[in-house]
Amino acid sequence: MHDIKAIRDNPAGFDAGLARRGLAPLSSTLLAIDGERRDLLQKLQETQTKRNELSKQVGDAMKAGDKPRAEAIKAEVAALKDALTQGEEGERLITQKLNDALSVIPNIPLDEVPDGADEHGNVEVRRWGEKPAFNWEPRQHFVIGERLKLMDFETAAKMAGARFVVLKKQMARMERAIANLMLDIHTSANGYTECYVPMLVSDKTMFGTAQLPKFAEDQFRTTDGRWLIPTAEVSLTNTVRESVVEEADLPLRLTAYTPCFRAEAGAAGRDTRGMIRQHQFSKVELVSITTPEQSRAELERMTGCAEAILQALGLHYRVMKLCAGDMGFGSRLTYDLEVWLPGQNAFREISSCSVCGDFQARRMDARYKPTEGKGTRFVHTLNGSGLAVGRTLVAVLENYQNADGSVTVPDVLVPYMGGITKLGAVK
RNA sequence: GGAAGGGUGGCCGAGUGGUUGAAGGCGCACGCUUGGAAAGCGUGUUUACGUGAAAGCGUAACAAGGGUUCGAAUCCCUUUCCUUCCGCCA
């Protein structure tokens, strides 16, 4: 959510930011509503002042025992009533109108964000590791998984429809092993606090992180009006909603391992096979709550924390700085981590780390109390995948596959796998 | 799900229609006092929006939203959260 005062101060800058996202200018529309609202408010307040003064006089007259005078003033105030009711209603409507307009406008990219309309405009920042060499045609993960009879899409489809999977035996365990490895690294080496959070949340929680109102069709809604979280970012970030934290406690670094639910409404026909795009997948999420001064550097740190997982697993990847047109709604700057998938012969997104500035904080009313100075300021929020567990499983399968159809378990995962060193080696 | 009782400022806690934005206490800040400290004394201590160069002024806010009234923290309705008891339950 944008600050209308900031737009008032610099409408041209605001419109220029929108233009980088491929959007038409909106400042004049917004400022017209804002001006109308302020006029209304001023008139309303003048009427309220008059009512307050007269009401006080009624009290005084009553005390003095001057009944006729009191009645006369009462009649005078009664005449203001229509104007008051209308003014209050008008103020409510115009404020609603302004908020509605503001709540569907995306965040403004930082200056350093590259220009571009879509993923072709993204810029590679760095690369780690190397593509593994195969002297045969490497298979895609679902071929590997189905041949081993550890991955079953048909059974999942029978009970839930497309875009679900059943994992079995060592494959199910590897899912869990990967998540545990991630949590252990983030909580011990990276200083994140592990959280267990609600996976069903309210409208205003979804509004806070900006899934609502604009992206309702991408989400699953329960019959009692709650929403299944599409990412633990929603729950973790909203832990500070409507609260004031101490500056000394910042940055807050939170992590959670949760299932994520996405309707994938706009993805018909894309990634229909395999585990790349599912209605349900698990993810270890990273969230930081910082001061405005800390947030930019925190993004580098967070991205590094996510990279540490890929490095521990020995997976080749590249870091992409997203261009303005490819960034998510709430982001000011995003790094995507793309892991190499030999079976697909392509880099695929496995993590997305974003700094949102005060965009979500305003929606949630999340503030902090500075150590020095008066008042409160909005916090900055960041979120990143650390990492998507399902896609990490995919990457492990494709990168560690052997010619005989088995899969070598990466060294760091062996302890989490109860000592198993190879999938397919056990009868 | 049923019954009962509650939600007041950073905290505790008064307050059932008229200078109550809100007594009192605690905490905190500043000052006085002191060799220094404690105690004591004094002053101050919410937020949002509007307006103004600023000082300031205005409006709103006593869980949230509506209503009654000239006037509401105080009365009515709805929602929500908490506590206790009962029921159900992993």
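Worth knowing before you read on, the calculation uses all heavy atoms, side chains too, and leaves out hydrogens, waters and symmetry mates.
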For R362(A), report the nucleic acid contact type (base, sugar-phosphate, nothing); a contact means any heavy atom under 4.0 Å. nothing
Residue whose closest nucleotide on RNA chain B lies nearer the 5' end, R92(A) versus D34(A): D34(A)
d(CZ, R241(A); C1', A64(B)) in whole Å: 14 Å
Checking contacts here: which listed nucleotide (U59(B), U51(B), G66(B)) is nearest the side-chain heavy atoms of Q42(A)? U51(B)
Span that lies between the P atom of U19(B) and that of G31(B), in whole angstrom: 36 Å
How do R8(A) and M62(A) order along RNA chain B: which one's closest nucleotide is nearer the 5' end? M62(A)
So, are K50(A) and E76(A) salt-bridged, with charged N and O less than 4.0 Å apart? no
Taking the same atom, P, in G65(B) and in A72(B), what whole-Å distance lies between them? 15 Å
Using atom P in both nucleotides, what's the gap between G24(B) and C41(B) to the nearest angstrom? 14 Å
Between P of G67(B) and NZ of K81(A), the distance in whole Å: 9 Å
With the side chain counted from C-beta on, respond yes when D3(A) and R362(A) share a heavy-atom pair under 4.5 Å apart, and no when they do not. yes
Report the base-pairing partner of U80(B) (Watson-Crick or G-U wobble, both distances below 3.5 angstrom), or none. G7(B)
Between A53(B) and C76(B), how far apart are the two C1' atoms, rounded to whole Å? 48 Å
Of the options C49(B), U51(B), U47(B), whose atoms approach the side-chain atoms of Q45(A) most closely? C49(B)
For RNA chain B, determine which residues of residues 50-58 of chain A have any heavy atom closer than 4.0 angstrom to one of its atoms, and list them numerically. R51(A), N52(A), S55(A), V58(A)
Looking at every strand, decide which applies to K5(A) at a 4.0 Å heavy-atom threshold: base, sugar-phosphate, or nothing. sugar-phosphate
Check: E298(A)/T290(A) side-chain N/O donor and acceptor closer than 3.5 Å: no
Grab the CG-P distance between D82(A) and C70(B) for me, whole Å please. 13 Å
Pairwise side-chain contact, D358(A) with R332(A), heavy-atom cut-off 4.5 Å (strictly under): yes
Taking the same atom, C1', in A14(B) and in G7(B), what whole-Å distance lies between them? 16 Å
Between G58(B) and U16(B), how many Å separate the two P atoms, rounded to a whole number? 28 Å
Distance, C1' atom - from G9(B) to U47(B), rounded to whole angstrom: 10 Å
Using atom CG of L44(A) as one end and atom C1' of G58(B) as the other, report the distance to the nearest whole Å. 12 Å
Say we look at C28(B) and U46(B): how far apart would their C1' atoms be, to the nearest angstrom? 14 Å
